[in-house]
Amino acid sequence: MIDQAIALVQKTLEGAEAGHDWFHIERVWKLSTHIAQQHPEANAEVVALGALLHDIADAKFHNGDEQLGPQIASQFLQEHGATPELIDQVVYIIRNISFKNRNEVSHYPIELQIVQDADRLDAIGAIGIARTFNFGGYKNNPMYDPKQEPRTDMNKEVYKKSNGTTINHFYEKLLLLKDMMHTETARKLAEERHQLMLTFLDAFYKEWNVAL
Ligand code: ADP
Ligand code: NI
């Protein structure tokens, strides 16, 4: 089933925005597997399928439709003989992994904790910086505007519509992630990636201001 899921994701995400393409999925899958090794209580099949299918139809690329991803995933799982329990566990991850839903999720099974940590690790550090500028470019957002303040009080609807600057996205999301990790393994990995973003931001402002 894992091989079939890989094939489905590779085909579905052909031509996707580079921050949400097959290679993002592959990194999240590898990171999830790594974290899961420290958690024998986690169901490895749920973790792998959750990681592989978590962005199969990300709502922000489908007119905000949050049902499509769960739908495609459960149909795929059903067709490949998954038990109703396995389908429920994987779909639960897909429905609840997103940063924008963070205030609505009350129950975090270990498998969701692991895949969410992995997805968040891929949102920070060098890859996180690259993905964020790629997404900002894809949206034609400004890189930076000294007059625009970051907004950390955005509710889900405002966050989804936000077309603020890419630099502001660091304050609105990326720099918050280090303290939101569930697992010890991810918390440790997040530390270095977080520092790298701080160093990057310092250098960015210095060069922006042509402070020679
Ligand atoms: P999730 O994948 O948890 O739903 P988001 O949709 O907030 O999270 O973002 C996924 C990634 O897309 C971010 O980590 C970032 O790289 C990029 N991204 C999302 N929104 C923006 C934005 N407004 N500006 C720049 N990058 C963004
Ligand atoms: Ni993702």
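The shown structure was predicted, so the numbers you read here are calculated from the model rather than taken from an experiment. Both counts, for ligands and for their atoms, begin at 1 and track the order of listing.
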**Request:** Report the nearest protein non-hydrogen atom to atom 16 (O) of ligand 1: residue, atom name, distance rounded to 0.1 Å.
**Result:** Thr132 OG1, 2.8 Å
**Request:** Look at the rings of His20 and Phe61 and say which category their plane angle falls in: under 30° parallel, 30 to 60° tilted, over 60° perpendicular.
**Result:** perpendicular
**Asked** Starting from atom 27 (C) of ligand 1, which protein heavy atom do you reach first, and at what distance in Å?
**Response** Phe135 CD2, 3.1 Å
**Fill in**
Atoms of ligand 1 under 4.0 Å from any heavy atom of Ala123, numbered from 1 in the order shown, are 14 (O)
**Asked** With side chains defined as the heavy atoms from C-beta onward, is the minimum distance between Arg131 and Phe135 less than 4.5 Å?
**Response** no
**Asked** Once the angle between the rings of Phe204 and Tyr144 is folded into 0 to 90°, is it parallel (under 30°), tilted (30 to 60°) or perpendicular (over 60°)?
**Response** perpendicular
**Message:** Do Tyr171 and Ile129 land in one hydrophobic cluster if side-chain heavy atoms of ILVMFWY residues count as linked below 4.5 Å?
**Reply:** yes
**Fill in**
Which atom of Asp55 is nearest the Ni ion (ligand 2), counting N, O or S only? It is OD2
**Asked** Can you tell me the N, O or S atom of Asp119 that's nearest the Ni ion (ligand 2)?
**Response** OD1
**Asked** Got the closest protein heavy atom to atom 3 (O) of ligand 1, with its distance?
**Response** Phe99 N, 2.8 Å
**Prompt:** So how far is it from Leu201 CG to Leu196 CG, rounded to the nearest 0.5 Å?
**Reply:** 9.5 Å
**Prompt:** Given the rule that I, L, V, M, F, W and Y join up when any side-chain heavy atoms are under 4.5 Å apart, are Ile72 and Ile6 in one cluster?
**Reply:** yes
**Prompt:** Starting from atom 2 (O) of ligand 1, which protein heavy atom do you reach first, and at what distance in Å?
**Reply:** Lys60 NZ, 3.8 Å
**Message:** Suppose I only count heavy atoms of Arg131 and a 4.0 Å limit; which atoms of ligand 1 are within that range?
**Reply:** 16 (O)
**Message:** Pairing donors with acceptors under 3.5 angstrom, does anything connect the side chains of Gln71 and Gln75?
**Reply:** no
**Message:** Measuring from non-hydrogen atoms of His20 to any atom of ligand 1, is the shortest distance under 4.0 Å?
**Reply:** yes
**Request:** Tell me which protein heavy atom sits closest to atom 23 (N) of ligand 1, plus the residue, atom name and distance to 0.1 Å.
**Result:** His169 ND1, 3.6 Å
**Message:** Side chain or backbone, does Gly136 bring an N or O within less than 3.5 Å of an N or O on ligand 1?
**Reply:** no
**Prompt:** So which heavy atom in the protein is nearest atom 9 (O) of ligand 1, and how far is it from that ligand atom?
**Reply:** Lys173 NZ, 3.2 Å
**Asked** Among protein heavy atoms, which lies nearest atom 7 (O) of ligand 1, and at what distance?
**Response** Tyr159 OH, 2.3 Å
**Top protein contact for atom 4 (O) of ligand 1, by heavy-atom distance** = Ser98 OG, 2.6 Å
**Request:** Could you tell me whether the side chain of Asn63 and the main chain of Asp65 form a donor-acceptor pair under 3.5 Å?
**Result:** no
**Request:** Identify whether Trp22 and Leu121 are in the same connected component of the hydrophobic contact network (ILVMFWY, side-chain heavy atoms under 4.5 Å).
**Result:** yes
**Message:** Which label fits Tyr108 and His182: parallel for a plane angle under 30°, tilted from 30 to 60°, or perpendicular past 60°?
**Reply:** tilted
**Metal proximity, His24 vs the Ni ion (ligand 2), N/O/S cut-off 2.8 Å** = yes
